[in-house]
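Single-structure report; data block below.
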Amino acid sequence: MVDVDELVAAARVVQLPMRVRFRGITTREALVFEGPAGWGEFGPFPEYGDAEAAHWLRAGIEAAYEGLPAPLRTRVEVNATVPAVPADGVSAVLAQFPGCRTAKVKVAEKGQTLEDDLARVAAVRKAMPDGAIRVDANGGWTVPQAHEAITRLVADGPLDYAEQPCASVEELAEVRRLVDGACDIAADESIRRATDPMRVAELGAADVAVVKVAPIGGVRAVLAVADALRAAAGVRVTVSSALDTAVGLSAGIVAAACIEDGNAAGLGTGGFFTADLGEHPLVDGALAVRTVAPTAERLAAVEVFGERRDWWLDRLRRCHALLAR
Ligand SMILES: O=C(O)CCC(=O)C1=CC=C[C@@H](O)[C@@H]1C(=O)O
Ligand SMILES: [Mg+2]
């Protein structure tokens, strides 16, 4: 494995300003580095412990030092991602996702009601009458709340799936039994390590696994998980972004392009940033498969020094030590 001093010497810490609050944050911090195979990203969210964060480092090292596997396609279809905005804000959000035929709508936001969710989803359906609609509760419902919400949402029209309706795998399994095929259930937060997807499959907790390259530990690890899930339980896979910079998003796009019959990917998050390390333009609902190498100008616009940089370098050293064990 690459020496930690080499990583530290290559490390650039960046802060990307966000257009909207998403996942409770308005600035995305990450550390990126260039290696012989390209650029890699290490951007675990600040609250993640080192054991989890080490997987993110493994993914970054794969991209920068090993290189990524060859994609099967040149373009990857993505879903529009609709934050928990008021219903009258939906069309402005969808305008940022030209050509998308699938939308993922955030629901169960703290401080909002089921009526807010129903109105937001109805607005998306109206704007995309032929579109496939997903909802993502980020674990925010109890089992009875999820049952009620999904029942009312499907009464208005079909749902592609409901993502992480409740917090635990056991609850997901229960909701899946209760809705009895009225709507597929997807696991997202329940999958944070490479071993989690099999547990989800064994408990019959989901029809769909949302997988992100960084927490799973790299593109190859994602492909192994996708193969195992399809073989063991017929679970389909959605590759999604972890709110990555354009560098990390490149790896997600490659992963999605390596999966034969993948779902529309949750990789259209580049537009959430007002400044980024590169561009993955969304054309006709799809992203081209290409890797990004940040220019000096782009880096200069978002790079940070001082206390935040030191914090990330310490974290990099600790996670590298865990991987080297
Ligand atoms: O899946 C998408 O459409 C975009 C990515 C996305 O929604 C997320 C990215 C990063 C953190 C998560 O809270 C969030 C999600 O819950 O899926
Ligand atoms: Mg999710």
Side-chain angles (χ1 to χ4, degrees), residues 19-20 22 72-109 112 114-138 146 148-165 176 179-188 206-211 234-241 249 252-253 256-257 259-272 280-289:
R19 214 177 292 281
V20 281
F22 193 78
L72 302 173
R73 285 188 300 283
T74 56
R75 282 158 43 92
V76 164
E77 189 182 341
V78 301
N79 63 245
T81 307
V82 182
V85 295
D88 64 7
V90 160
S91 54
V93 173
L94 290 178
Q96 292 164 28
F97 295 92
C100 286
R101 296 177 297 163
T102 302
K104 184 178 96 165
V105 187
K106 291 285 181 182
V107 291
E109 178 88 352
Q112 299 190 9
L114 178 55
E115 302 308 319
D116 296 321
D117 295 337
L118 291 165
R120 185 178 317 110
V121 171
V124 175
R125 284 203 169 105
K126 196 164 167 220
M128 295 174 69
D130 302 319
I133 312 286
R134 306 168 172 171
V135 293
D136 185 357
N138 288 112
E148 184 194 353
I150 292 171
T151 303
R152 292 189 60 189
L153 284 162
V154 297
D156 285 347
L159 282 185
D160 185 26
Y161 57 72
E163 180 172 326
Q164 199 76 37
R176 186 159 173 263
V179 302
D180 194 21
C183 156
D184 278 356
I185 302 298
D188 177 12
D207 307 277
V208 178
V210 177
V211 289
V235 171
R236 55 193 175 109
V237 161
T238 298
V239 178
S240 169
S241 133
L249 211 53
I253 296 169
I259 294 176
E260 197 104 41
D261 47 1
N263 295 325
L267 294 169
T269 53
F272 290 177
H280 289 289
L282 184 55
V283 178
D284 208 9
L287 301 173
V289 180

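Predicted, not measured: the structure shown is a model, and the values here were computed from it.
Atom-to-atom distance recorded for Leu153:CG and Glu148:CD is 10.0 Å, nearest 0.5 angstrom. In this structure, Asn263 CG and Lys104 NZ are separated by 12.0 Å, a value rounded to the nearest 0.5 Å. For the atom pair CD1 (Ile253) and CZ (Arg73), the distance works out to 12.0 Å, reported to the nearest 0.5 Å.
Taking each heavy atom of Ala149 and Leu114 in turn, the nearest pair found is CB-CD1, 3.6 Å. Looking at every heavy atom in both residues, Ala209 comes nearest to Val235 through N-CG1, 3.6 Å. Counting all heavy atoms, side chain and backbone alike, Ala87 lies closest to Ala119 at CB-O, 3.6 Å. Pairing each heavy atom of Pro165 with each of Ala186, the nearest pair is CD-O, 4.1 Å. Residues Val154 and Cys183 share a closest heavy-atom pair of CG1-CB, 3.9 Å. The two atoms that bring Leu94 and Ala103 nearest to each other are CD2-CB, 4.5 Å, heavy atoms only.
Below 30°, between 30° and 60°, or above 60°: for Phe97 and Phe272 the angle between ring planes is above 60°, a perpendicular geometry.
Residues Val93 and Arg120 have side chains not in contact (no heavy-atom distance under 4.5 Å, counting atoms from C-beta outward). Residues Arg134 and Thr238 are in side-chain contact: their nearest non-hydrogen atoms beyond the backbone lie under 4.5 Å apart. Looking at heavy atoms from C-beta onward, Val78 lies in side-chain contact with Leu282 at the 4.5 angstrom threshold. Between Arg236 and Val208 there is a side-chain heavy-atom pair separated by less than 4.5 Å. At a threshold of 4.5 Å between non-hydrogen side-chain atoms, the residues Ser240 and Asn79 do not count as touching. The shortest side-chain heavy-atom distance between Asp156 and Val121 does not fall under the 4.5 Å cut-off. No side-chain heavy atom of Val105 sits less than 4.5 Å from a side-chain heavy atom of Asp136.
Under the 3.5 Å distance criterion, the side-chain polar atoms of Asp117 are matched with a main-chain donor or acceptor of Ala108. Looking only at distances, no side-chain donor or acceptor of Arg75 sits under 3.5 Å from a matching main-chain atom of Gly285. In this structure, Gln112 contributes its side chain and Ala84 its backbone to a donor-acceptor pair below 3.5 Å. Judged by distance alone, with hydrogens and angles left aside, the side-chain atoms of Asp160 form no donor-acceptor pair with the main-chain N or O of Ile133 at under 3.5 Å. Side-chain atoms of Arg152 never come within 3.5 Å of backbone atoms of Leu118 as a donor-acceptor pair (strictly under, hydrogens ignored).
A salt bridge links Glu77 and Arg101; the closest N-O separation between the charged side-chain nitrogens and carboxylate oxygens is under 4.0 Å.
Contacts of Thr269 classified as side-chain hydrogen bond (donor to acceptor under 3.5 Å, both in side chains), with partners at least two apart in sequence or in another chain: Ser241.
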